[in-house]
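Right, one structure below, let's go through it.
Residue numbers start from 1 in every chain, and the chains themselves are labelled A, B, ... in the order their sequence lines are given, proteins ahead of strands.
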Amino acid sequence: MAKITYIEASGTEHVVDVETGLTVMEGAIRNLVPGIDADCGGACACATCHVYVDPDWMARTGGRESMEDSMLDFASDVRDNSRLSCQIKVNEALDGLVVRLPEQQG
Amino acid sequence: MSAGIVIIGAGQAGLSAAEALRRRGHAGPVTLVGEEDAPPYQRPPLSKAYLSGELPADRLWLKPPAFYETAKIDLKTGVRVTAIDRAKKRVITAEGEAIAYDQLIVSTGGAARRPPIPGADLPGVHVLRTLAEADALSGALGQARRLVIIGAGYIGLEVAASARKRGLDVAVFEAADQAMARTASPLLGGWFGALHRGYGVDLQVRAGVAAITGAERADGVRLADGERVEADVVLLATGLTPGVSLAEAAGLNCADGVLVDGDARTSDPDIFAIGDVARFDSALYGRSLRLESVQNAIEQAKAAAAAITGAPASYDPVPWFWSDQYDLKLQIAGLIEGADQMVRRGDPEEGHFALFHFKDGVLIACEAVNRAPEFMAAQRLIAARARPDPDRLRDVTVAMREFLS
Ligand SMILES: Cc1cc2nc3c(=O)[nH]c(=O)nc-3n(C[C@H](O)[C@H](O)[C@H](O)COP(=O)(O)OP(=O)(O)OC[C@H]3O[C@@H](n4cnc5c(N)ncnc54)[C@H](O)[C@@H]3O)c2cc1C
Ligand code: FES
């Protein structure tokens, strides 16, 4: 279990517990956090699950895989801390993780 | 009092429509009626991670139970609609209940097609469309050594890959002269055929199946040329029959799909159809299309929700689709039918490449194997009816971004 804080573009915060083994994307869907569409359901095929990882957490979430990196290359408003949340697996080390959601997906 | 919106079919399209209506601020009642017992779930993993055992069922659900409560969507699972009564604007369920509607959305998807092959209804012959069918297939594979798959489309090939992961012997028989014949180019189909053979799948093209053999239960197939191949389990992976029967019986215009306009509206202005069951006119491709993809289910659902809430939609997407086989990701943007020129980027021998297809100099499709930038850029280029320079496309040192400026 890990506590994850999702912050909407509007500033609204959602602090939820996410089971180990799920992805950060699934944590949002299961807890009704708006702002992540996840059209492809986590197949790394749609780039509609874009989040910004809080800079303090980037070392612990790890970097982008190459497929993820090139999908993100074409998403809007991509920054250094952009990730596809379906590609971040939740584990105990991510307890306390903070991610911010973009204005829009895609 | 308003009767609200009734949605027949609680799959990807129906759920997406319900969600899109709420997002657009529609406040009236929304009833989502589904024949399956499961709440709306993702089908793509059924042939992939779910079948190979890597993904448990509780990760298939599209939404948690709380979603339906919070969004006030009246989800009725295990309920089949048996008739649409257009005169009284209501639908009738198998239990005889009548549910009134102001607007109706038909998102009935379809059922796995069962071709008229002798023996197709023997026990031990499976199809794969629903979670229940996936569970039945998965259970049977647990007892089996040898699987024969009839049809080398996406589902057939994905099941082949998943079954190989589970250690089964797998043979695939395809009547056409290449794998993925309906949607993929010959080069791509040939490449995927070779890929599967490399993983030990006995994949044969131009190999029609004449009969499924067996007295009490299926024990193999007989090919058109007389050869007999043994199997413990046989999977029919031969496409989808769109679920038009309700719409047809109600007198809506249908032709291999329920015919709809750019607002997803059928020939009855109060009835919409979306997803795998709907056929619409594509200006982009100059013909009518019935697409079977998650993207189409979601986007056409949004179009219907827009139209119902008063914002005309003119739905005309660049179709896209993905398929996972072994550790490869295939992503296809656009449709290749009618293409007159192909440009290859990257080397198929290296396991990642993209094929661009043109018609009269306009890019109409891109098939990308482990090549996401090509796929992502192609979506935009196709939408813009762009004419990228084939020589530059071929040149892998030119970044895909450069074609977008
Ligand atoms: C094994 C498999 C793998 C796939 N892989 C991919 C992939 O990788 N990528 C991709 O883009 N697409 C994939 N697809 C296709 C994708 O899943 C479909 O395009 C999508 O599910 C279509 O959504 P839909 O809502 O139109 O239809 P469905 O999801 O079929 O939903 C229709 C629902 O309506 C219900 N229904 C029908 N008639 C009635 C009735 N009379 N009363 C009540 N309910 C009714 C059905 O029970 C069903 O639950 C795959 C499909 C399958 C089967
Ligand atoms: S959910 Fe589609 S890329 Fe993450």
Side-chain angles (χ1 to χ4, degrees), chain A residues 6 8-10 12 14 16-50 64-78 82-90 101 103-106, chain B residues 12 16 19-20 22-23 41-45 48-50 54-56 58-71 293-299 301-302 320-324 327-333 352 368-380 399-401 404:
Chain A
Y6 299 84
E8 291 181 54
S10 64
T12 308
H14 304 259
V16 304
D17 288 322
V18 182
E19 228 175 279
T20 302
L22 298 182
T23 63
V24 170
M25 176 276 279
E26 290 174 298
I29 302 288
R30 288 189 178 202
N31 291 287
L32 307 184
V33 176
I36 291 185
D37 296 342
D39 286 354
C40 76
C44 197
C46 72
T48 65
C49 62
H50 178 194
R64 307 171 191 160
E65 298 281 328
S66 80
M67 176 66 71
E68 177 187 355
D69 194 48
S70 33
M71 291 296 292
L72 269 171
D73 204 20
F74 291 84
S76 50
D77 199 8
V78 176
S82 287
R83 289 291 309 268
L84 292 179
S85 56
C86 70
Q87 301 302 306
I88 310 175
K89 273 237 167 64
V90 175
L101 305 177
E103 204 76 51
Q104 59 172 55
Q105 292 290 349
Chain B
Q12 178 75 64
S16 299
E19 185 178 25
R22 288 298 184 231
R23 275 205 204 177
Y41 61 90
Q42 313 174 48
R43 289 189 203 285
K48 308 179 182 81
Y50 183 68
E54 293 152 279
L55 193 82
D58 75 335
R59 291 179 73 183
L60 294 175
W61 314 137
L62 284 166
K63 296 288 177 189
F67 166 82
Y68 302 97
E69 267 166 58
T70 311
S293 72
V294 167
Q295 171 230 9
N296 175 64
I298 294 174
E299 298 301 328
K302 287 181 184 168
W320 67 263
F321 182 83
W322 81 93
S323 174
D324 298 319
D327 49 1
L328 290 175
K329 184 168 302 294
L330 168 64
Q331 292 167 300
I332 297 182
H352 47 89
V369 177
N370 283 6
R371 280 277 188 176
E374 282 76 358
F375 164 73
M376 293 295 275
Q379 288 186 27
R380 296 185 197 179
M400 286 311 296
R401 278 223 153 266
L404 297 179

Report the residues that fulfil ring-ring contact (aromatic ring centres under 6.0 Å, His included) with A/Phe74, sequence neighbours left out, ordered by chain and then residue number.
none

Let me know if B/Leu404 has heavy atoms under 4.5 Å from chain A in its side chain, its backbone, both or neither.
side chain

Side chain from CB out, backbone as N, CA, C, O: work out which of these in B/Phe375 comes under 4.5 Å of a heavy atom of chain A, or both, or neither.
side chain

Pick one of side chain, backbone, both or neither for B/Pro373, based on which atoms fall under 4.5 Å of a heavy atom in chain A.
both

Checking heavy atoms, do the side chain of B/Ala377, its backbone, both or neither come under 4.5 Å from chain A?
both

Using a plain distance cut of 3.5 Å, could you tabulate donor-acceptor pairs between chain A and chain B?
from: A/Gly21; atom 1: O; to: B/Arg59; atom 2: NH1; distance (Å): 3.4
from: A/Glu26; atom 1: OE1; to: B/Arg59; atom 2: NE; distance (Å): 3.2
from: A/Glu26; atom 1: OE1; to: B/Arg59; atom 2: NH2; distance (Å): 2.6
from: A/Glu26; atom 1: OE2; to: B/Arg59; atom 2: NE; distance (Å): 2.9
from: A/Arg30; atom 1: NH2; to: B/Asp58; atom 2: O; distance (Å): 2.9
from: A/Asp37; atom 1: OD1; to: B/Arg23; atom 2: NH2; distance (Å): 3.4
from: A/Ala43; atom 1: O; to: B/Lys329; atom 2: NZ; distance (Å): 2.6
from: A/Asp73; atom 1: O; to: B/Arg401; atom 2: NH2; distance (Å): 2.2
from: A/Phe74; atom 1: O; to: B/Arg380; atom 2: NH2; distance (Å): 2.3

How close do A/Ile29 and B/Pro64 get, counting heavy atoms only, and between which atoms?
O-CD, 3.5 Å

Please classify the contact of A/Ala38 with chain B as side chain, backbone, both or neither, using a heavy-atom distance under 4.5 Å.
neither

